[in-house]
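Heads up: the structure comes next, in structure tokens.
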Number of protein chains: 2
Amino acid sequence: MNTSTEENYLKAIYHLSLQSENVSTNQIAASLNTKAASVTDMLKKLADKELINYAKYQGVTLTPGGEKIALSIVRKHRLWEYFLVEKLNFKWDEVHDVAEELEHISSKELIDRLDDFMGNPKYDPHGDPIPDCNGLFKAHELKPVSSLFLNDSGIISGVRDHSSSFLQYLEKMQLTIGKKIKVAEINDYDHSVILNSEDKKVHISRDVANNLLISL
Amino acid sequence: MNTSTEENYLKAIYHLSLQSENVSTNQIAASLNTKAASVTDMLKKLADKELINYAKYQGVTLTPGGEKIALSIVRKHRLWEYFLVEKLNFKWDEVHDVAEELEHISSKELIDRLDDFMGNPKYDPHGDPIPDCNGLFKAHELKPVSSLFLNDSGIISGVRDHSSSFLQYLEKMQLTIGKKIKVAEINDYDHSVILNSEDKKVHISRDVANNLLISL
DNA sequence: TAAAATTTTTAGATTAGTCTAAAATTATTA
DNA sequence: TAATAATTTTAGACTAATCTAAAAATTTTA
Ligand SMILES: [Mn+2]
Ligand SMILES: [Mn+2]
Ligand SMILES: [Mn+2]
Ligand SMILES: [Mn+2]
């Protein structure tokens, strides 16, 4: 078995790998709020366990074994988030920290039964895909609102920023997962966008448009 | 906040206190599968935090603060066990180890919502009382089958032994929580007992009769 | 392509929890 | 009540995870 610290490192490396293939010590340190020296120590340990490929100064990638563990943590995180929102009526901006703890509960039986209990959901409350019990999932094809053209329309299906302040803002604007939107106006000067959503017009800034993801 | 190790010590002291008022170092070591030397170290730490009353060589008691934490862990343990059995279809002999992990999830919001989601159950799958969000509960008045007389009857409401082998045995004999039983015969020689339960006769040994608890 | 800047690793401490072995204290019992 | 037994504490060591400060390697840049 692995400690929850090891699991957190593997998960962090997994998420960073989606951006950059090879992951650096400093990237990991930043994403775990720790120091580069601590990361180096842990990388040695994970390399000894053959969960990562690590050569000094060269960054790391996950081995198949490491990726399998990372995916199982991601699966648990997202299933628990779904449970919290759908069964216990938490808001989508309140679940992340609790899921950070729950994702380290080790019982595979528990998580597989929880999955069945909830009807095997495919996406978590933030639109992120939930790996199945074999680690398999398919992501939506998503693009940011900022990449749409005038009169394009689509369905809100994910977010690029998971911070509670962003999620709360979207909630307030009623721009939540599943809502249909259409681009009513694009402001050339500041790149802000006016959306049509359920007969209302919603004006969002360039930043928001960049972090709000649409499927067509 | 307290570490889960500290929480485990407080919970162990709480359970042992129900038997013996003052709890000894060796009792704690036995119940946590650790060594007396380790226990002494932890007792100092818990005493520093004013969670226990501790005087060298004299054993310990919980302070009000320590008892409050212990009860919150017991509450979480039992509510999660209830969830596992009632919502996820675990058997009553399969839930303890998973609950040992889940009981350390720190969110109070989570456990209070879980409690509401399940309809605020008063007893866990083994008949043990579930403290409410203020740590209050009332236990059944329970007596072992071995203390009953011929033709006494009652309802199975708890167990004294929580081992899976005992729970599995009771399951096989269909002697589970809620079943009505009546003492049909008492064997003077080996103190075994024959019960009437749902028109069937069940023969149980002295040991089983000692560990099976009845409310009248 | 050599100096400067940045990143990464090493060295040496620290904290929490655990252990064994030995010393101190308390309890038993003859 | 003094010897013996049992319990409990102390002393010293170990592992996992972390940190700061310094050294080493790599990358940038002029
Ligand atoms: Mn999350
Ligand atoms: Mn999520
Ligand atoms: Mn239990
Ligand atoms: Mn129980």
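Chain A is the first sequence line, chain B the second, and so forth, proteins listed ahead of strands; every chain is numbered from 1.
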Distance in angstrom units between [X] [atom1] and [N] [atom2], rounded:
X: B/I28; N: C/dT18; atom1: CD1; atom2: P; value: 12 Å
X: B/M42; N: C/dT15; atom1: CE; atom2: P; value: 16 Å
X: A/M1; N: D/dA16; atom1: CE; atom2: C1'; value: 17 Å
X: A/N2; N: D/dA16; atom1: CG; atom2: P; value: 12 Å
X: A/K35; N: D/dA22; atom1: NZ; atom2: C1'; value: 16 Å

How are the rings of [X] and [Y] set relative to one another: parallel (under 30°), tilted (30 to 60°) or perpendicular (over 60°)?
X: B/H77; Y: B/H96; answer: tilted
X: B/W80; Y: A/W80; answer: perpendicular
X: A/F83; Y: A/F117; answer: tilted

Between the side chains of [X] and [Y], is a donor N or O closer than 3.5 angstrom to an acceptor N or O?
X: B/S24; Y: B/N26; result: no
X: A/H104; Y: A/N8; result: yes
X: A/H203; Y: A/S192; result: yes

>> Return a single string for nucleotides 6-13 of chain C, one symbol per nucleotide in 5' to 3' order, where B is base contact, S is sugar-phosphate-only contact and - is none, cutoff 4.0 angstrom on heavy atoms.
In response: -SBBB---

> Under a 4.0 Å heavy-atom cut-off, which of residues 3-19 of chain A touch DNA chain D?
Replying inline: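 Those residues whose heavy atoms fall under 4.0 Å from DNA chain D, taken from residues 3-19 of chain A in numerical order, are A/T3, A/T5, A/Y9.
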
> Residues two or more places apart in sequence or in another chain: which of them pass side-chain hydrogen bond (donor to acceptor under 3.5 Å, both in side chains) with B/R75?
Replying inline: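 Applying side-chain hydrogen bond (donor to acceptor under 3.5 Å, both in side chains) to B/R75 gives B/D112, B/D115.
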
>> Suppose we define a pair by two distances each less than 3.5 Å, Watson-Crick or G-U wobble; what does D/dC14 pair with here?
In response: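 Its partner is C/dG17.
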
> So A/R113 and A/E109, salt bridge (charged side-chain N to carboxylate O under 4.0 Å, His left out) or not? Walk me through it.
Replying inline: CA-CA 6 Å; A/R113 283 181 191 240; A/E109 190 70 20; 2.9 Å; yes

